[in-house]
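Okay, structure first, notes after.
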Amino acid sequence: MNLNERQLEAVRYIGGPCLVIAGAGSGKTRVITSKIEYLLDTCGYPGYSVAAVTFTNKAAREMKERVFRSVSPEAAEGLIVTTFHSLGLRIIRSECSRIGLRSNFMLFDEHDKEILVRSVLGELQPSAGADDFSKEDVERILGFISSCKMDMVEPEDSQSRAEDGDGILCSKVYSRYASMMRSYGALDLDDLIYLPVIFFRSHPDELARWQRRLRYILVDEYQDTNSCQYELLKLLAGERQAFTVVGDDDQSIYSWRGARPENIDLLIRDFPDTRVIKLEQNYRSTGRILKCANALISANSHTFGKKLFSAADFGPKVNVFVTKDDERQADLLSSEILGSTYMHHSRWKDYAVLYRSSHLSRIIEKAFVRNRIPYRISGSVSFFDRSEVKDFLSYFRLILNHDDDNAFLRVVNTPRRDIGAATTEKLGIFARKHGMSMFDAAQSALFQKEVGANTFRALGEFCEFISGRTDQAEDDARGMAESLADDLGYGAYLSSSSKNEDIASIRMRNVEQLVSWLTEKLDGNPREHLEPQSFEASVHSLCTRDMLEHSSLGEDDEELDQVQLMTLHASKGLEFPYVYIIGMEEGVLPHQSAIDEGDVTEERRLCYVGITRAMRELNLMEVKTRRGAGRSMRRQGENDGDGKNRRGSPDDSKMTESRFIGELPSEDLDIHNETRPKTEDEKAAEAKNVSMLLKEFLQSGG
DNA sequence: AACATAACAGTTTTT
DNA sequence: CTGTTATGTT
């Protein structure tokens, strides 16, 4: 199966912990899939005794596909190939009674969490109004809570992290947040890892059961593990220490999410017997691209020095395109890709446009539409993040469980029922005081005097509506789900709230898709061996597993011939013949926040990831001016002499070239600067290109 | 007290 | 483009 010596060693070594330092393009996914195959076919491990863990759903899906292509379904029976979070969910699902969690627990998304934190804040500081806390405040607190969980810090111990008054508040909110979550029977994403660790630490017998089941564990993208995930790995691996982790410290780009690249060093300290195997032969890129990548990354410090080499051609120079602004950049990008497809007879999907932040794709998109270039943006809004989907999930949740205050808050006034913020505020206070749910509070006679008659009537009608659906769901969940949109007048609500009727119908389709998803669970699907499930179980799996695993929709049309637009983060693990990295400017590629923090090493790795995606050709693009970028570093009077620039001159900031371009060997760069008059040589080269294009075009019989 | 309308600003990366 | 904020209206 064509593995090189190092790769083979990594596959065959199962005697103890194994750390594979795998440079970009060195075939690490192949090592993992081959190793699974080896364990199953050659070593006779039963499928259910092996788990391969990745970080993204995409990677998990890809790996599953590859493994099932080469291993028989019987041998792979029970094999686990999922994300860390899904594995955690699986553990929690099977242990929930022992964890002390209701079996119908729900996953809270960002929005749910925000609502909860706001309510906790209101409780902790009754004097302050709900609006005293901005979105940033809430996000900062949520960030604190999240990083605590990722570092295995329990609420009681989180005060030590709090240096100032703000931290003390965070810690207090964390405590209350945790107990509220518990009483709701709700989990956040961090809990999916955190809870199993806590559970296993205090239940050695249950841990032993899992250890007996999982005889071998493989972890991809190990450099992205956070402390909590590493802890889970250590616990599951136990005495046997039978695991392989594959990672690349130079591709650690998720430290903002708690990832600890130091876990690579920690592993060697914790498991001194670890066999370390380095994969340095790159099978992806040209020699020149690797030379640039190596040059760039050498500016960072390393514990495991490694130098990628390639047997491929040295390849063409790296192009650097300098344009006046991003609109011009988008046009140039379009024409470059158009020209290149003619020149190389390549397909759209051979091209990738990568960028630091997602909003940079907008201008490119517009240009691609103008120029009829088919494209696909990955990492756009996920299905479960759409407001109409969340509305319906909340309806289902509330119909299932009247005590679900978050669901209540989300839908009590959607569609409009004349129940606003003031009323829900009062409801919250009243419910807390009497220790009841908001749903019950809304119907309580005592609450009647708190609000006006109209409002109370609206609340009553709402609760009655929900109760009616609950009754209906008892014997006809399918019918209830299918008529819910009509009964709510949701279509009319969508038409009035979306500007465009087309958008309204797209949203309605999303709702219909969600409903049909639910009904398929209710009815079961013999073709896919799905047993019919209760309403409760169906909603539960929609709000946990499906939410987690169907994160980004539209990734199924992967095989369409389209130019790929994505963030640098999303590009990790992928490869493309032709890569364009746009926005190569200070403040954009080393992102401003990183510059402010005084540490751009992760940004450099991000750039490294982008560069190493390229197989044949790499193009970098930078602009001279950008609107509203960076902090108001506006300098008047520095506009070019030709009078007024049409596009708001005073607010355009001058951009400087990304330092990362300067870190590349200049002899490997081919600079195309539109903002400078062209030299005769450049003109000649361009003319040559045009004539080549023409020739190609004529030859292709056009 | 809730809503409609307009005006506005600002967008790091994601399970 | 979308979610948030300020204003006037019912």
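Letters A, B, ... mirror the listed sequences (proteins, then strands); counts begin at 1. Just so it is clear, the values below take in all heavy atoms, side chains as well, and ignore hydrogens, waters and symmetry mates. Everything quoted here is computed from the prediction, not taken from an experiment.
The CG atom of A/Leu142 sits 15 Å away from the C1' atom of B/dT15 (whole-angstrom rounding). Rounded to whole Å, the distance from NE2 on A/His591 to P on B/dT11 is 10 Å. Note: CG (A/Leu568) to C1' (B/dT14) measures 14 Å, nearest angstrom. Computed from coordinates, the A/Leu360 CG to B/dT13 P distance equals 9 Å when rounded to whole Å. Rounding to whole angstrom units, CD of residue A/Glu110 and C1' of C/dT2 are separated by 18 Å. Remark: P of B/dA1 and CG of A/Leu427 are 13 Å apart, rounded to the nearest angstrom. Nucleotide C/dT2 holds its P atom 11 Å from the CD1 atom of A/Ile506, rounded to whole Å. Taking atom CD1 of A/Ile377 as the reference point, atom P of B/dT14 lies 13 Å away to the nearest angstrom.
Of the two residues near DNA chain B, A/Thr83 and A/His359, the one whose nearest nucleotide lies more 5' is A/His359.
Around atom CZ of A/Arg417, more than 12 heavy atoms belonging to other residues, nucleotides or ligands sit under 6.0 Å away. Taking a 6.0 Å sphere around CD of A/Glu139, one finds it holds more than 12 heavy atoms contributed by other residues, nucleotides or ligands.
A distance-only check finds a donor-acceptor pair linking the side chain of A/Asp109 to the backbone of A/His111 [under 3.5 Å].
Counting only heavy atoms from C-beta on, A/Arg362 has its side chain closest to C/dC1 among B/dT15, B/dT13, C/dC1. Residue A/His569 has its side chain nearest to B/dT13 when only B/dT13, B/dA1, B/dT15 are considered.
Checked against the 6.0 Å centroid threshold, A/Phe462 and A/Phe465 do not count as a close aromatic pair. Taking the six-membered ring where the residue is Trp, the centroids of A/Phe105 and A/His540 are separated by under 6.0 Å.
Using the six-membered ring where Trp is involved, A/Phe456 and A/Phe447 have ring planes that are tilted, between 30° and 60° apart.
The phosphate of B/dT14 has OP1 or OP2 within less than 4.0 Å of a side-chain N or O from A/Thr567. For the pair A/Lys426 and B/dA1, the criterion of a side-chain N or O lying under 4.0 Å from OP1 or OP2 is met.
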Do any N or O atoms of the protein come closer than 3.5 Å to N or O atoms of nucleotides 2-8 of chain B, and which pairs are they?
residue	atom	partner	partner atom	Å
B/dA2	OP1	A/Gly420	N	3.1
B/dA2	OP1	A/Thr423	OG1	2.3
B/dA2	OP2	A/Ala422	N	3.2
B/dC3	OP1	A/Asp418	N	3.3
B/dC3	OP2	A/Asn413	ND2	3.4

Heteroatom pairs (N/O) under 3.5 angstrom, protein to nucleotides 3-10 of chain C:
residue	atom	partner	partner atom	Å
C/dT4	OP1	A/Lys135	NZ	3.4

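Contacts of A/Ser255 classified as side-chain hydrogen bond (donor to acceptor under 3.5 Å, both in side chains), with partners at least two apart in sequence or in another chain: A/Glu602.
Looking at A/Lys390 and A/Asp112, no side-chain N of the basic residue comes within less than 4.0 Å of a carboxylate O on the acidic one, giving no salt bridge. With salt bridges taken as basic N to acidic carboxylate O contacts below 4.0 Å, one links A/Lys572 and A/Asp224.
If you check every strand for non-hydrogen atoms under 4.0 Å, A/Tyr254 touches sugar and phosphate atoms only.
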